[in-house]
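One structure is given below, encoded as structure tokens.
Letters go in sequence order (proteins before strands), and every chain restarts at 1.
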Number of protein chains: 2
Amino acid sequence: MCKQCNYETLLSAARLDATDNRLRVLEVIGNNSYPLSAADIFKTLDRTYRINRVTVYRILDLLVEHELVDRISTGGRAFYYGMAPNAHHHPHPHFYCKRCGQMDCLTPDSLNVDSEALWKTFPGRIDKVEVRVDGICKNCMK
Amino acid sequence: MCKQCNYETLLSAARLDATDNRLRVLEVIGNNSYPLSAADIFKTLDRTYRINRVTVYRILDLLVEHELVDRISTGGRAFYYGMAPNAHHHPHPHFYCKRCGQMDCLTPDSLNVDSEALWKTFPGRIDKVEVRVDGICKNCMK
DNA sequence: GGCTTCAATGCAATAAATTTGCATCAAAGT
DNA sequence: ACTTTGATGCAAATTTATTGCATTGAAGCC
Ligand SMILES: [Mn+2]
Ligand SMILES: [Mn+2]
Ligand SMILES: [Zn+2]
Ligand SMILES: [Zn+2]
């Protein structure tokens, strides 16, 4: 969730035209409190405004490429999408329930990751560190 | 790489028949110093012993289910497979090069992750914590 | 030995998620 | 008006993995 973010501003800061579709994709992702799959995003949008599935994929690629959106791997086959780290939104681990596929955001410090040393010594370029906790959510445990 | 592991022992400890195919899949994974995709494993095996792709997938599922092998997500679409943590093989982060798809094992302490607190307080079941560093490997940087 | 059972494997078809190629359309530039 | 360009749509293809069903070969049993 990124209530403090202005999506038009984010797009223009990345020098991307703020088309209706792009704004809507960004809103669906930003207003949600947990990451969504491309299919989720498509279904959500398509209920209200007719949009093509491929357009959603293309917009997601674009937003990921410009680092407005984070592509998050799951223990399953589809990627999930959440807001990329920015001033209001710090990197944090996620929990993935392999039973129901729900992904939750964990607090940035729920799990303490110190990657400073690696960033300094790693012989290559590091773009991001993804931390994912896999298991069964409390809902699915019952 | 798991030179200290006896694959037959591992299989029988999991009460799985040590068929030739299972042993070979486990050897390919265990003798490799970095995780491989199902396609890599299939190609490696199929060069020497004819085997069906589906058999490889099924054996991988089985080995993952019995926790002999770890299914590792990448920044790409395919899963990679490495030896699951065991007495000789501690959990560790991986580096994934999004250019060439090569995955490397990082040392268990190259990146310090403290998940104790989470394990105690999390309202659900935690099966594993996966840490993946994404970027461009030094080879692809040149 | 002959018969049954069962797990392991193969092969073909299918599925799920994503990507590509090509057509269309509308806004912006000249 | 004419041209260019980027955004979108639609169909087809690709990649990765899964399912259904047939075959086979090694126990287990009489
Ligand atoms: Mn998140
Ligand atoms: Mn490894
Ligand atoms: Zn769940
Ligand atoms: Zn590389």
Side-chain angles (χ1 to χ4, degrees), chain A residues 7-8 11-12 14-26 28-29 35-46 48-66 68-81 96 98 100-101 103, chain B residues 7-8 11-12 14-29 35-46 48-66 68-81 96 98-101 103:
Chain A
Y7 304 120
E8 304 213 32
L11 282 169
S12 77
R15 284 188 237 144
L16 294 173
D17 282 351
T19 68
D20 288 353
N21 284 336
R22 287 175 186 169
L23 274 169
R24 285 171 190 152
V25 168
L26 210 40
V28 169
I29 294 173
L36 298 168
S37 68
D40 290 336
I41 295 165
F42 165 69
K43 275 182 246 154
T44 301
L45 287 177
D46 196 54
T48 319
Y49 322 95
R50 188 51 45 80
I51 191 174
N52 191 274
R53 185 185 306 276
V54 177
T55 303
V56 173
Y57 279 115
R58 284 201 274 236
I59 290 174
L60 288 172
D61 285 350
L62 188 81
L63 299 179
V64 167
E65 195 184 335
H66 287 78
L68 301 189
V69 161
D70 208 8
R71 192 197 307 271
I72 303 167
S73 69
T74 69
R77 318 219 296 176
F79 293 114
Y80 281 32
Y81 298 87
Y96 177 75
K98 36 188 176 181
C100 66
M103 181 171 265
Chain B
Y7 303 121
E8 304 213 32
L11 282 169
S12 77
R15 284 188 237 145
L16 294 174
D17 283 349
T19 68
D20 289 353
N21 283 337
R22 286 175 186 171
L23 274 169
R24 286 172 191 150
V25 168
L26 212 38
E27 277 164 13
V28 170
I29 294 173
L36 298 167
S37 68
D40 291 335
I41 295 165
F42 166 69
K43 274 182 245 154
T44 302
L45 287 176
D46 196 54
T48 319
Y49 322 95
R50 188 52 44 81
I51 190 173
N52 191 275
R53 186 185 305 275
V54 176
T55 303
V56 173
Y57 278 117
R58 283 200 275 236
I59 290 175
L60 289 172
D61 284 350
L62 188 81
L63 298 179
V64 168
E65 195 184 336
H66 287 79
L68 301 189
V69 162
D70 208 8
R71 193 198 307 272
I72 303 166
S73 69
T74 69
R77 313 232 259 127
F79 293 114
Y80 281 32
Y81 296 88
Y96 177 74
K98 37 189 176 182
R99 190 105 82 210
C100 66
M103 181 170 264

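- Rounding to the nearest 0.5 Å places CG of B/Leu68 at 9.5 Å from CD1 of B/Ile29.
- The salt bridge (Lys or Arg N to Asp or Glu O under 4.0 Å) search around B/Lys43 returns none, not counting sequence neighbours.
- When A/Asp40, A/Val28, A/Ile51, A/Asp46 are each tested for a side chain to side chain contact (heavy atoms under 4.5 Å, CB included) with A/Val56, only one passes: A/Ile51.
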Restricting both atoms to N or O, compile the protein contacts to nucleotides 16-20 of chain C shorter than 3.5 Å, with distance only.
unit_1	atom_1	unit_2	atom_2	d
C/dA16	O4'	A/Arg77	NH2	3.1
C/dT18	OP1	A/Phe79	N	3.0
C/dT18	OP2	A/Tyr57	OH	2.9

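- Atom CG in A/Leu63 sits 6.5 Å away from atom CG in A/Leu11 (nearest 0.5 Å).
- Residue B/Leu60 holds its CG atom at 4.5 Å from CD1 of B/Ile41, rounded to the nearest 0.5 Å.
- Taking a heavy-atom distance under 4.0 Å as the criterion, the stretch of DNA chain D touched by chain B extends 5' to 3' from D/dT14 to D/dG20.
- The separation between B/Asp20 atom CG and C/dT9 atom P is 8 Å, rounded to whole Å.
- For the atom pair OH (B/Tyr7) and CD (B/Glu27), the distance works out to 7.0 Å, reported to the nearest 0.5 Å.
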Check: residues 15-22 of chain A side-chain donor-acceptor pairs under 3.5 Å, at least two apart:
unit_1	atom_1	unit_2	atom_2	d
A/Thr19	OG1	A/Arg22	N	3.2
A/Arg22	NH1	A/Asp17	O	3.0

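- For C/dT9, neither phosphate oxygen OP1 nor OP2 lies less than 4.0 angstrom from any side-chain nitrogen or oxygen of B/Asn52.
- In this structure, B/Asp46 places its CG atom 14 Å from P of C/dT9, rounding to the nearest Å.
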Can you give the donor-acceptor pairs under 3.5 Å from side chains of residues 70-80 of chain A to other protein atoms, not counting sequence neighbours?
unit_1	atom_1	unit_2	atom_2	d
A/Asp70	OD1	A/Lys128	NZ	3.2
A/Arg71	NH1	A/Tyr81	OH	2.8
A/Arg71	NH2	A/Asp61	OD1	3.4
A/Ser73	OG	A/Glu130	OE2	2.5
A/Ser73	OG	A/Arg132	NH1	3.2
A/Ser73	OG	B/Ser73	OG	3.0
A/Ser73	OG	B/Arg132	NH1	3.0
A/Thr74	OG1	A/Gly76	N	2.8
A/Thr74	OG1	A/Gly76	O	3.3
A/Thr74	OG1	A/Ala78	O	3.2
A/Tyr80	OH	A/Gly101	O	2.6

Reading 5' to 3' through nucleotides 24-30 of chain C, protein heavy-atom contacts under 4.0 Å coded B for base, S for sugar-phosphate only, - for none: -------
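- Legend: residues meeting side chain to side chain donor-acceptor pair (under 3.5 Å) with B/Thr44, ordered by chain and number and at least two apart, are absent.
- For A/Thr55, the side chain to side chain donor-acceptor pair (under 3.5 Å) criterion is met by no residue, not counting sequence neighbours.
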